[in-house]
Engineer: 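My questions will all concern the structure given below.
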Amino acid sequence: MATQTGHVLPAAYDALNIGIALYDPKSGAILDGNERVTEIFGYPVSELRERSISEYTANTFVHSVADFRSRLQDSAAGESHQFTWRIKRADGELIWARIHLSQRVMSGETYVCAEVRDITDYFETHHREELLWRILRHNLRNEATVIAGNTARITAAAETETVHEASRTIRSRVENLTDIVESVKQIERAVAGPGTDSTRCHVTRKVRGIVNTIVTDYPAAEITVTDRAEMWIDSSDAFTYALTHAVENAIIHSEAVTPTVEVRIGPSPNTGRVEICIRDSNPPIPDTEVSALFDPTQATETAHGTGVGLFVMKWCLESLGGELRFERSGDGNAVFFYLPARDPPGDKQ
């Protein structure tokens with residue numbers, strides 16, 4: 001067993017960008033740590049050795065010191081633990097840390113090695129996102145519903161064409177707003193639980209099923225689906241959202257009486273991934289909207305059916321391990337989906 005003043009961890013650990021602390025599972029004391037862990041806790045190792053768990057745990061944190069000690073003892077017995085902890089630094093600042101505990105046996109003695117990461121920025125950003133989702137899901141939709149209801153009353157009571165026209169404009173904008181909220185909900189579902197509800201699907205059959213649903217809403221459109229090979233993907237609602245937006249955007253923004261959309265499926269020539277190309281003959285998608293997808297610093301106003309729809313496609317595909325690419329010219333737009341190719345399931349579903 002190392003003494004309270006001796007160093008146990010290799011000096012090479014000081015070069016790591018992750019905090020490493022070595023615990024005595026019986027006393028709960030930190031015996032040694034690298035430079036990164038001293039930066040996270042705000043104490044030098046010599047002081048960390050003298051601090052109890054309660055001294056560097058936020059007073060208002062919901063989990064108790066007993067929880068931490070119990071996890072130390074379980075980890076010493078060979079059961080690894082990973083959890084979030086609210087740390088109170090030496091200067092009183094509170095931060096969020098992700099801690100992974102695992103057994104470490106050295107010179108016949110059993111210790112617990114703690115890998116500590118400061119996740120404050122991520123944790124707080126995540127909670128801000130949750131608040132934003134909630135506002136968009138409930139508050140914004142509810143307000144839009146109220147506006148739509150009152151607009152209908154204005155339309156019914158309007159005595160001039162000017163008032164009628166203003167009311168129709170308001171209602172149209174409210175409908176757009178409601179559609180944007182729905183698009184954001186789709187993004188939330190895709191990024192909140194990627195892969196949790198995926199199933200192995202035959203790509204062409206899956207695409208045809210989605211297209212058949214779209215055709216019922218846009219009977220004037222002509223949509224063709226062709227494939228060059230039988231391919232399989234792990235699909236979820238995220239794939240349905242992405243493809244629906246791609247095809248519907250092509251229809252909505254067509255200037256033709258009969259909008260035409262071509263969907264081609266096959267292996268990517270470079271990687272062998274599943275490549276799905278949605279091609280139209282519409283005016284090119286604006287540069288600002290494509291730039292906003294791939295450059296976080298690009299500020300642009302987006303409208304449903306273009307900007308928001310593109311974000312739905314991108315985030316949904318990325319949640320499935322895929323990516324999005326565009327080709328634009330005077331002849332139209334080609335939207336490419338790339339997804340990992342999978343082996344057919346045993347039951348050939």
Side-chain angles (χ1 to χ4, degrees), residues 175 179-180 182-183 185-187 189-190 197-268 273-285 289 293 303-329 331-342 344-345 348-349:
E175 290 172 352
D179 288 344
I180 290 173
E182 182 60 34
S183 294
K185 286 174 62 178
Q186 292 172 357
I187 293 173
R189 293 186 194 118
D197 61 347
S198 64
T199 56
R200 191 64 50 88
C201 295
H202 184 279
V203 181
T204 305
R205 288 202 289 269
K206 182 70 174 179
V207 169
R208 290 189 189 279
I210 295 170
V211 166
N212 288 341
T213 300
I214 295 172
V215 168
T216 61
D217 294 326
Y218 301 94
E222 291 184 359
I223 309 172
T224 59
V225 179
T226 58
D227 63 8
R228 293 181 282 114
E230 287 200 354
M231 303 192 76
W232 300 78
I233 58 172
D234 287 334
S235 173
S236 68
D237 286 344
F239 178 74
T240 301
Y241 298 149
L243 186 64
T244 299
H245 274 278
V247 175
E248 286 188 346
N249 283 351
I251 295 171
I252 292 169
H253 295 283
S254 174
E255 297 175 348
V257 176
T258 303
T260 59
V261 184
E262 183 180 7
V263 183
R264 295 181 181 177
I265 303 162
S268 167
R273 292 179 297 175
V274 174
E275 178 186 277
I276 303 171
C277 175
I278 302 95
R279 189 177 296 276
D280 62 45
S281 55
N282 300 340
I285 300 169
E289 298 201 0
L293 286 177
H304 178 63
T306 52
V308 175
L310 299 187
F311 276 103
V312 173
M313 286 183 250
K314 182 177 186 291
W315 287 17
C316 285
L317 286 175
E318 290 179 356
S319 77
L320 296 169
E323 62 177 336
L324 182 67
R325 182 172 72 86
F326 297 93
E327 287 183 1
R328 296 169 295 152
S329 69
D331 297 326
N333 304 287
V335 180
F336 291 87
F337 290 5
Y338 295 98
L339 291 161
R342 304 301 186 191
K348 303 293 182 182
Q349 64 177 331

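These numbers come from a predicted model, not from an experiment. We count residues from 1, following the sequence as given.
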Engineer: Find the distance between CG (L324) and CZ (F336) and round it off to the nearest 0.5 Å.
Structural biologist: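 If I round to the nearest 0.5 Å, the distance is 10.5 Å.
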Engineer: Kindly give the heavy-atom pair with the smallest separation between A220 and T258, and that separation in Å.
Structural biologist: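 The pair with the smallest heavy-atom distance is O-CG2, 3.2 Å.
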Engineer: Looking at R228, E275, R273, which hits side-chain contact (heavy atoms from CB on, under 4.5 Å) with P267?
Structural biologist: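 Among the candidates, only R228 passes.
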Engineer: Is a side-chain donor or acceptor of N333 paired with a backbone partner of P283 at a separation under 3.5 angstrom?
Structural biologist: yes
Engineer: List in chain and number order the residues that pass side-chain hydrogen bond (donor to acceptor under 3.5 Å, both in side chains) with E327, two or more places apart in sequence or in another chain; answer none if no residue qualifies.
Structural biologist: R325
Engineer: About how many Å separate CD1 of I278 and CG of L243, when rounded to the nearest 0.5 Å?
Structural biologist: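 L243 atom CG to I278 atom CD1 measures 5.5 Å (nearest 0.5 Å).
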Engineer: Scan residues 308-322 for pairs that pass salt bridge (charged side-chain N to carboxylate O under 4.0 Å, His left out), counting only residues two or more places apart or in two chains.
Structural biologist: K314-E318
Engineer: Can you name the residues that form a salt bridge (Lys or Arg N to Asp or Glu O under 4.0 Å) with E222, not counting sequence neighbours?
Structural biologist: none
Engineer: Nearest 0.5 angstrom please: T260 OG1 to N282 CG, how far?
Structural biologist: 8.0 Å
Engineer: Walk me through it: do D227 and V203 pass the test side chain to side chain contact (heavy atoms under 4.5 Å, CB included)?
Structural biologist: CA-CA 9 Å; D227 63 8; V203 181; over 6 Å; no
Engineer: Closest heavy-atom contact between S319 and A238?
Structural biologist: OG-CB, 3.7 Å
Engineer: With T204, which of T226, V263, I265 fulfils side-chain contact (heavy atoms from CB on, under 4.5 Å)?
Structural biologist: I265
Engineer: Please report the shortest heavy-atom distance between P340 and I233, naming the atom on each side.
Structural biologist: O-CG2, 3.8 Å
Engineer: Would you say the side chain of S268 lies within less than 4.5 Å of the side chain of Y338, judging by non-hydrogen atoms?
Structural biologist: yes
Engineer: Holding to salt bridge (Lys or Arg N to Asp or Glu O under 4.0 Å), I want the full list of residues that pass it with R279, two or more places apart in sequence or in another chain.
Structural biologist: none
Engineer: For K206, what residues pass the side-chain hydrogen bond (donor to acceptor under 3.5 Å, both in side chains) criterion, not counting sequence neighbours?
Structural biologist: none
Engineer: Please set out all donor-acceptor pairs under 3.5 angstrom arising from side-chain atoms of residues 207-214, sequence neighbours excluded.
Structural biologist:
{"unit_1": "R208", "atom_1": "NH2", "unit_2": "V225", "atom_2": "O", "d": "3.1"}
{"unit_1": "N212", "atom_1": "ND2", "unit_2": "R208", "atom_2": "O", "d": "3.2"}
{"unit_1": "T213", "atom_1": "OG1", "unit_2": "G209", "atom_2": "O", "d": "3.3"}

Engineer: Is there side-chain contact between L320 and S236, with at least one heavy-atom pair below 4.5 Å?
Structural biologist: yes
Engineer: Test F337 against V274 for side chain to side chain contact (heavy atoms under 4.5 Å, CB included), laying out the working first.
Structural biologist: CA-CA 8 Å; F337 290 5; V274 174; over 6 Å; no
Engineer: Let me confirm one number: the CZ-CE distance from F326 to M313, rounded to the nearest 0.5 Å.
Structural biologist: 5.5 Å
Engineer: Roughly how far, to the nearest 0.5 Å, is the CG atom of N249 from the CD1 atom of I285?
Structural biologist: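 With rounding to 0.5 Å, CD1 (I285) is 7.5 Å from CG (N249).
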Engineer: Using every non-hydrogen atom in the two residues, find where A341 and M231 come nearest and quote the distance to one decimal.
Structural biologist: CB-CE, 4.0 Å
Engineer: Are any non-hydrogen side-chain atoms of F239 and L339 less than 4.5 angstrom apart?
Structural biologist: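 In short, these two side chains touch, coming nearer than 4.5 Å.
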Engineer: Taking all non-hydrogen atoms of both residues into account, name the closest pair between V261 and A250 and its distance.
Structural biologist: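 For V261 and A250, the tightest heavy-atom pair comes out as CG2-CB, 3.7 Å.
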Engineer: For the atom pair NE2 (H245) and OG1 (T240), what is the distance rounded to the nearest 0.5 Å?
Structural biologist: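 With rounding to 0.5 Å, NE2 (H245) is 11.0 Å from OG1 (T240).
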